[in-house]
Structure formats: structure tokens, C-alpha cells
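Both counts, for ligands and for their atoms, begin at 1 and track the order of listing. Sequential numbering from 1 along the given sequence is applied to the chain's residues.
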Amino acid sequence: MNRRNFLKTSAVSGTALALASSPLISSCCPKQTEEAKKPETKLNISFQEWTAPGETLSQRLDFMEELGVTGLEPGGRDLADRVDEFKKALDGRDIKISAICAGFDGFILAEDHAEKAQFDETYRRILAAAGELGSTGVIMVPAFNGQTPCRPHTLETRKWLTEQLHELGEYAISCGTTVILEPLNRGEAFFLRQVSDAAALCREADSEGVKCMGDFWHMMEETSDYAAFIAAGKYLQHVHIASRGERKTPGEDGERDCYVDGFRALKEINYPHYVSFECGLRSEDRAATVTAAVELIRRQWEMA
Ligand code: MG
């Protein structure tokens with residue numbers, strides 16, 4: 001809308017205000033009530049492959065089971081060669097594959113045709129393996145700041161991206177999994193840095209196979225964890241968690257490590273997927289620190 005049209009519409013804004021309080025409009029905009037909260041929403045905790053202590057995958061899974069961690073997030077690199085290994089390792093355990101973390105070559109916004117082709121081939125191969133493992137989806141960053149040459153940040157590129165995502169999403173569905181867009185912070189990925197924008201891309205891609213996620217570390221750039229997750233709503237397929245000062249294990253940055261506001265939103269949308277550790281470690285005692293972190297986020301989940 002240009003400025004002249006805006007001024008014209010402003011003339012009737014009084015009528016719009018009156019309508020907003022009418023039963024017709026308010027029924028379209030449900031208020032948040034106590035009933036909207038879903039305190040029964042379960043917190044499903046997931047670890048990346050190297051989060052738990054242990055020399056072998058089996059030892060790490062034993063540790064996770066002891067703690068009640070029910071998701072495992074492997075990296076995507078070489079995933080196709082490890083499908084049987086993961087299937088055997090998880091057989092009989094109360095742990096499932098959560099999301100798959102990247103691991104492809106090239107990037108979707110590459111201007112270079114060979115690099116884009118490399119992305120298409122390797123990302124699809126990971127999607128197929130992810131589907132075999134029953135994964136919730138394969139995480140993808142459309143372009144890191146350092147990845148060049150990159151398509152320009154224009155409307156035309158955005159439209160092109162949603163078309164590409166639609167195709168990928170449909171392929172992901174055929175594999176039994178999804179594409180998960182991960183927004184980062186502006187220091188790492190200018191192209192996509194807010195959860196609501198990732199959700200808007202999902203909507204515009206118009207495929208059930210295109211989803212998004214939020215990472216509490218990158219979300220330090222959001223003005224509200226709560227608003228970010230509420231905006232993502234049905235498109236939210238995965239969550240990463242780390243300490244909020246230096247991206248260590250939750251709790252290692254003391255009082256900064258508060259996730260209650262975001263958890264409150266996850267409960268309200270009855271988020272069914274995983275909150276997965278993607279973090280470093282400051283302490284030398286991995287077992288004690290990771291255990292304390294799980295206790296911390298369970299306490300904060302209760303508070304939310
Ligand atoms: Mg992340």
C-alpha cells in the first residue's frame with residue numbers, strides 16, 4: 001500500500017477500531033486464557049551424538065536412558081552409511097532419532113550451479129536416510145554469511161527459494177520426514193535469522209514437508225522467546241538449547257540460562273517434538289554437568 005492509499009484507509013480506521021471489539025472479530029482472535037495452556041505437554045529431551053559421556057555410541061545411549069533422554073540427534077554426514085548402525089543401537093531402547101543436524105555439501109542459495117547441484121544431491125540423500133530412521137527432519141541453513149557466491153537477498157530470491165523448498169518438502173514427505181529451516185543470528189547467517197521469518201517461509205513454501213526450528217542460543221537476537229515460538233506455531237519441528245552466554249551446556253552461564261519464557265510458548269502450542277542439546281562444555285566433568293543441565297531444564301519446564 002502506498003502512502004496515499006494508507007491515508008485513505010486511515011479515514012475509516014475509527015470503524016475498524018469499533019469492529020475489533022465486536023464479537024465477530026474477537027471470535028477470530030482468541031484471547032490467551034488459562035485453558036490455552038497445555039501443562040500436560042511433555043518435555044522430550046534430545047542430545048546430539050557427542051553430548052553424553054561415553055567411549056561408544058552404546059555407552060552414550062545407556063547414559064541417556066538413565067537420564068530419561070528420549071531423542072538422539074546425529075549429524076547428517078555419512079548418515080546413509082550409518083542407518084543400520086543406528087537402527088541396531090536403538091533397538092529395544094526408549095530413544096528415537098530426533099532431527100538430523102545438517103551434514104550436506106553446498107547450499108541451497110548457491111549461485112554456482114555445481115555447488116547448488118551438490119546441495120541437491122547430498123541433502124536429498126540425507127533426507128532419504130532420515131526417513132528410514134523415522135527422524136523428525138533434516139536441519140538446513142539456507143546460507144551462512146561466509147558462503148559465496150550467494151543469491152542476492154531480494155524478493156525474487158525469496159520467491160525462488162520458496163519454490164525450491166516446496167519441491168524439497170514434497171520429496172521429504174515421500175521419504176517420511178521433513179526439511180527443517182534453522183534461523184541463526186546475524187553474525188552467522190544474515191539471510192535467515194528469526195524464527196517467525198523461517199515460519200513465514202514454511203507457509204509460503206506451501207508443503208507439509210517444510211518446517212522450521214528455534215535455537216535458544218541464536219534466539220538471543222529475538223525480542224521474545226515466547227513470541228518467536230508462538231509465531232512458529234504448527235511449523236515448529238525442532239528446538240536447540242545451549243547456555244545463553246557462551247553456548248555451553250545449559251546452566252553453565254548461570255542466571256542467563258533462563259528458558260521459561262520459551263517453554264511457556266511450547267506448552268501453549270502443545271509442542272510435540274524435541275528440545276535438543278546443541279552446546280559445548282566448559283566444565284571438565286561432562287557427566288555431572290549434563291545431568292545438572294537436564295535437571296535445570298526440567299525444573300524450568302515445570303515453572304513455565
Ligand atoms: Mg542450532
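In this pair, Phe119 and Tyr123 present their aromatic rings parallel. The plane angle is below 30°, not in the 30 to 60° band.
Side-chain atoms of Glu222 never come within 3.5 Å of backbone atoms of Met219 as a donor-acceptor pair (strictly under, hydrogens ignored).
Counting only N and O atoms by type, the side chains of His166 and Asp206 include no donor and acceptor under 3.5 Å apart. Side chains of Glu73 and Ser46: a donor-acceptor N/O pair is absent below 3.5 angstrom, by distance only.
Protein-derived N/O/S atoms nearer than 2.8 Å to the Mg ion (ligand 1) total 4, waters excluded.
The aromatic ring centroids of Tyr274 and His238 lie 6.0 Å or more from each other.
The list of side chain to side chain donor-acceptor pair (under 3.5 Å) pairs with a residue in residues 131-145, not counting sequence neighbours, is empty.
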